[in-house]
Amino acid sequence: MKEPQALPLLVEIGCEEIPARFLDGARDDLGKALLAALEEAHLLPPQGRAGKWYSTPRRLTVWVPSVLERQADQVKETVGPPVRVAFDDAGNPTRAAESFAAKGNVPVRALVRVTTPKGEYLAVRKTQRGRQAIDLLAQIVPSVVTGLSFPKSMYWVAKAGPRFVRPIRWIVAVLGEGPKARVVPFALASVKSSDVTYGHRAYGQRPQRVRSFKEYQGKLRQARVEFDPQRRLATVRQKSNVLLEGGLKLVEDPWLERWIVNSTEWPTAICGGFDKRFLRLPREILITVMRDHQKYFAVEDRAGSLQPRFVALLNLDRDTRGLIRQGHERVLAARFADAEFFWDSDQKVPLAERAERLARVTFQAELGSYADKVERTRALAREICAALEGQGRLTPADTGHALRAVDLAKCDLTTQMVQEFTELQGIVGGLYAAAQGEASEVAEAIYDHYRPEGLEDRSPRSLVGAVASLADKLDSVAGGFAAGQEPTGSSDPFALRRQGNGIVKVLVEHSIQISIKPLVQSALNSLRLDWKKPLHEVFGAVVSFLEERLRFYLESAQKARYDTVRAVLAAGWDIPLDAVRRAEALEKLRGSDNFEALCAAAKRIKNILAKSATASDWAPGEVDRGLLDAGPERKLADAYERAANQVGQLNSAGEYRKALETIASLRPAVDKFFDKVLVMAEDRAVRQNRLRLLGKLDGLFSGIALFAEIATIPGHVDASTSPGSNE
Amino acid sequence: MAKLKKHFKVTSSRKNLSFQDMCLRLSEFWARQGCVIALPYDLEVGAGTMTPETFLRVLGPEPWRVAYLQPSRRPADGRYGDIQDVYLASLADLGIDLRHHDIRFEEDNWEAPTLGAWGIGWQVMLDGLEITQFTYFQQSGGVDLEPISVELTYGMERIAAFLQGVDNVYDVSWNDAVTYGEMRQEEERELSVYDFEAAAPETCRTLFELYEGEAERLLASYSLEVAERFPLRQVYDLTLKCSHLFNILDARGAISVTERVTLIGRVRKLACEVARVYLDRKSAMVEAQPA
């Protein structure tokens, strides 16, 4: 039988404009899903599991260079009756053989004999011809396409029709190339697959027949479509910078680059200008207008000061008459004029006078207005400040600044600037506060109080700002849980996870040594709403949510091993900063011989204690030195006493690494003890005393992290489980 | 080629296209596409979508094509393929040459919470200026739509300002003799004074409740027996009155946090009831017809 040939497959789904933010995901999902489906259908050659995928706003393209023209043939064997019952003594087939042959639809003589561990059996062997790729693809491609999922999808024919991110308008599905190329026949939403694609809206709406990937590339580029996003990115970078004369450069913006690449088929850069007078507006505002609203790059000089220029990317070959540049300049001038008007008119009512208006701005339906939120946040901020003043980290004046910042932080929600440019909330407040003569500490704290907006974002610059940020986020998280808006699975309507991450990050980066549970309790106590669940349940939920956020922080930001994290959290985390410090120390010590061995010993001690606890003939208590044997037992007790003292001091100084090293130095004494001493002694008093000694050690091994939770390397386990079967 | 030349000619003479020319031209364009050219609805509506020609007709089941200046829209049979291309042709008809202007479809989904309506689509940008809202309706009056209609809302003033090359919309020429400002500026000022300053919130609230009460009274009287004579459009008008009064109260800053949510919910409830009755009556009438 001839080996099946490999053919190239080209698929293009032509759509109405796919939103830029979904495009990368849609393209990658389609490519991966199609390749996986081909593999599952045994249509990929063993050496050729390759494919490439591309996208523009109007098309998702997948090219698979080698698809088997049909599946390989498969031999199927069905085993029937044993040979000894299939033939009589004369060697003639019995009924068993005949009915088996009939079932398999073959004559008896076509049956074969197979040897199994149970003896010789009759079997039917059939060769199943592999199915043709073109037939299989006619089912695979449409089911892969309709199987894609999007954050937001739509119907465009009717409910019975397909759902997709935007309406599908044409489909290219070609197997093979050149004269032998064949269309994979299927239809989606009454669009039939074909070998016809379309170029750029403005230049190439005529149908283009494509019978190979090479032809596809050539004809699309001819029709002003660069289907490869990598190439569009290169074009965007190169064409933008060519426009700028010496010394000027684009304000770097990877998000905007991505957006432009995903919203053009044929990007071309133009450079426009605006009136210098707008440069009196703060940089943040100018950039937001250009970037978020008009999708322009801002331009700055070498020193980083903004220039009255912008770079816009067209989805066209060129701006033949300069009309487009003029259009963009007019729109931008109008936007800047609005911003300028807001800037001047907002300031006629200072932030401080806007506080009362917050009573009419909803925070969340169940949680009241922003005025309510500010009042709650203020109480939390006061509590945090009190703790920090107690630690000598804040002065009463700082506390004053923090509370002032909290009072004013939400006032910018009532300004026209923020109502128009919502992404500038906080920032505008900070800018107005500075312009209105508030203390710079206050202005900076307002400016920063929404930060960090994720683990990658920076924390507030000052400790005062950190307090404002923490108090705001704690209130939002507590409120969200109380109102039944806690995150579940992929749904997190109020982005509480991000806020939870922010809380942890701020606590750590500003070294804020504070217990979290009392703060959660205060945050919940100050809420006024109809409690759907008992308060203590909500409290428990918020606390375990924060523990989860801390775990996430340790694993993603600190890259701590999962068992380190588990061990540290199990030892307590009420002061999150402390837990992070302990994890850092533990991570540094991991892998050292003494430490790994000690973890194994810790596990062993836990087991012994757990078993003995059920025996109920001992109770934890002080070790009676008089009952200790001279030798390893007394030595261990002495070593413990010394270590415990030192560890106590080191812990209170936050010197966890040294504390852990001290504990690790107990290893020889512990090993010796287990080596030579039988814990479960006959004498009850002696046994209890030994268990108490182990209890003390267990306490020491569980204070910084629960050593027993550390996954030890097997080699080290052996080292401490040598003779003496104490377990 | 002949077609392109024609567009080119229009482009070069576009300064002559007055606001009223533009309205006429678009109406003619959509009439050629088979749309009913309806007249503006004589009631206060916050958005053109609220007029019965859209709100009720999109509920189906028959496909429906209509265009009117309120702004202009065209709910249509979703199977009708290239609505985007037809839309672009309408721009070309106004003299906007796609090779010389950058047209972009940027994601923008539309929602009207008081009507229980939402859709998926784009804002259409012309050289960085938003000129049209383009929506594939998914739900209206809380009903999943069948068939799916498309709505195009042209920002007429913006397009006119663009075509005429003026920065201020009041400077747009309505025709050769009158500007947009002369036609509209006075009423804009008066309505603003009322909505932002002069409206009496208590009166608005009372009116809201009267209209709502009347609508509820009528809805309670609906049954299949009286379906044919049921004054559904009056109930819908009452709903629109409520919606408008809500907007005035909102603009006046007279709505508290919780009240806002509640009021939106009350208007939506009426709108959803209207949609339900509309469909119920339709299916009853289909069944009543002899086979």
Side-chain angles (χ1 to χ4, degrees), chain A residues 16-22 57 152-161 165-167 169 189-191 201-203 205 263-264 268 294-296 312-317 319-321 323-334 337 357 359-366 368-370 372, chain B residues 11 60-61 63 77-85 88 96-109 118-122 124-130 134-139 144-150 158 161-162 165-168 253-262:
Chain A
E16 295 182 8
E17 279 75 355
I18 300 170
R21 66 189 172 118
F22 300 152
K152 197 154 193 149
S153 61
M154 62 176 287
Y155 295 109
W156 65 98
V157 179
K159 267 185 290 178
V165 61
R166 285 294 184 275
R169 286 305 176 210
S190 72
V191 177
R201 271 196 196 292
Y203 305 115
Q205 271 300 42
S263 58
T264 51
T268 299
Q294 295 303 128
K295 310 293 188 312
Y296 306 152
L313 272 296
L314 316 180
N315 184 33
L316 281 178
D317 208 8
D319 183 12
T320 332
R321 302 181 191 149
L323 290 176
I324 304 178
R325 182 179 49 78
Q326 280 172 30
H328 282 294
E329 284 177 347
R330 262 169 57 191
V331 176
L332 186 63
R357 301 188 187 179
R360 287 205 305 261
V361 185
T362 317
F363 167 53
Q364 270 180 47
E366 303 194 45
S369 69
Y370 269 99
D372 300 328
Chain B
T11 307
D77 177 358
R79 274 156 297 186
Y80 185 89
D82 308 294
I83 178 71
Q84 265 191 320
D85 291 338
L88 290 170
I96 300 167
D97 187 329
L98 299 188
R99 293 168 314 153
H100 298 299
H101 292 286
D102 195 21
I103 302 278
R104 302 279 269 276
F105 290 83
E106 282 185 13
E107 179 191 17
D108 193 19
N109 302 321
W118 65 278
I120 294 270
W122 308 272
V124 183
M125 311 293 287
L126 166 65
D127 298 347
L129 176 75
E130 183 193 344
F134 190 129
T135 309
Y136 285 91
F137 276 19
Q138 304 287 296
Q139 244 191 18
D144 286 335
L145 295 179
E146 183 101 45
I148 301 289
S149 298
V150 177
R158 285 188 180 192
F162 176 86
V166 298
D167 287 329
N168 189 331
I255 301 181
S256 76
V257 170
T258 36
E259 199 185 1
R260 203 188 138 78
V261 185
T262 321

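Below, read A as the first sequence line, B as the second, and so on, with proteins coming before strands; counting in each chain starts at 1.
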Subject >> Heavy-atom proximity to chain A below 4.5 Å, by part of B:Glu130 >> reply: neither
Original post:
At a heavy-atom separation under 4.5 Å, does A:Pro167 approach chain B through its side chain, its backbone, both, or neither?
Top reply: side chain
Subject >> Heavy-atom contact with chain A under 4.5 Å, split by part of B:Val166 >> reply: backbone
Subject >> Validation row: A:Glu16, B:Phe105 side chains within 4.5 angstrom (heavy atoms) >> reply: no
Subject >> Distance (rounded to the nearest 0.5 Å) between B:Ile148 CD1 and A:Met154 CE >> reply: 7.0 Å
Subject >> Nearest heavy-atom neighbours spanning B:Leu98 and A:Ala202 >> reply: O-CB, 3.6 Å
Original post:
Considering residues at least two apart in sequence or located in another chain, which fulfil the side-chain hydrogen bond (donor to acceptor under 3.5 Å, both in side chains) criterion with A:Asp372?
Top reply: A:Ser369
Original post:
Checking heavy atoms, do the side chain of A:Ser153, its backbone, both or neither come under 4.5 Å from chain B?
Top reply: backbone
Subject >> Close side-chain approach of A:Lys295 and B:Arg104, heavy atoms under 4.5 Å >> reply: no
Subject >> A:Arg169-B:Gln84 side chain donor-acceptor pair, cut-off 3.5 Å >> reply: no
Original post:
What's the shortest heavy-atom distance between A:Leu323 and B:Asp127, and which atoms?
Top reply: O-OD2, 4.1 Å
**OP:** State which residues pass side-chain contact (heavy atoms from CB on, under 4.5 Å) with A:Glu366; sequence neighbours excluded, sorted by chain then number.
**Re:** A:Ala483, A:Leu529, A:Lys532
**OP:** Could you have a look at A:His328, A:Arg21, A:Lys152, A:Gln326 and say which one has the most heavy-atom pairs with chain B under 4.5 angstrom?
**Re:** A:His328
**OP:** Sort A:Arg357 into side chain, backbone, both or neither according to what part of it lies under 4.5 angstrom from a heavy atom of chain B.
**Re:** neither
Original post:
Where on B:Leu126 is there a heavy atom nearer than 4.5 Å to chain A: the side chain, the backbone, both, or neither?
Top reply: neither
**OP:** Measure the CD1-CG distance between B:Ile103 and A:Leu314 for me, rounded to the nearest 0.5 Å.
**Re:** 12.0 Å
Original post:
What part of A:Arg166 is in contact with chain B, defined as an atom under 4.5 angstrom from a non-hydrogen atom: side chain, backbone, both or neither?
Top reply: side chain
Original post:
Please walk me through it: do B:Asp85 and A:Arg201 pass salt bridge (charged side-chain N to carboxylate O under 4.0 Å, His left out)?
Top reply: CA-CA 9 Å; B:Asp85 291 338; A:Arg201 271 196 196 292; 3.5 Å; yes
**OP:** Of all the heavy-atom pairs spanning A:Asn315 and B:Asp102, show the shortest one and how long it is.
**Re:** N-OD1, 3.1 Å
Subject >> Distance (rounded to the nearest 0.5 Å) between B:Glu107 CD and A:Ser263 OG >> reply: 11.5 Å
Original post:
So, the side chain of A:Gln294 versus the backbone of B:Gly128: is there a donor-acceptor pair under 3.5 Å, distance only?
Top reply: yes
Original post:
Should B:His100 and A:Leu316 count as side-chain neighbours, where that means a heavy-atom distance under 4.5 Å?
Top reply: no
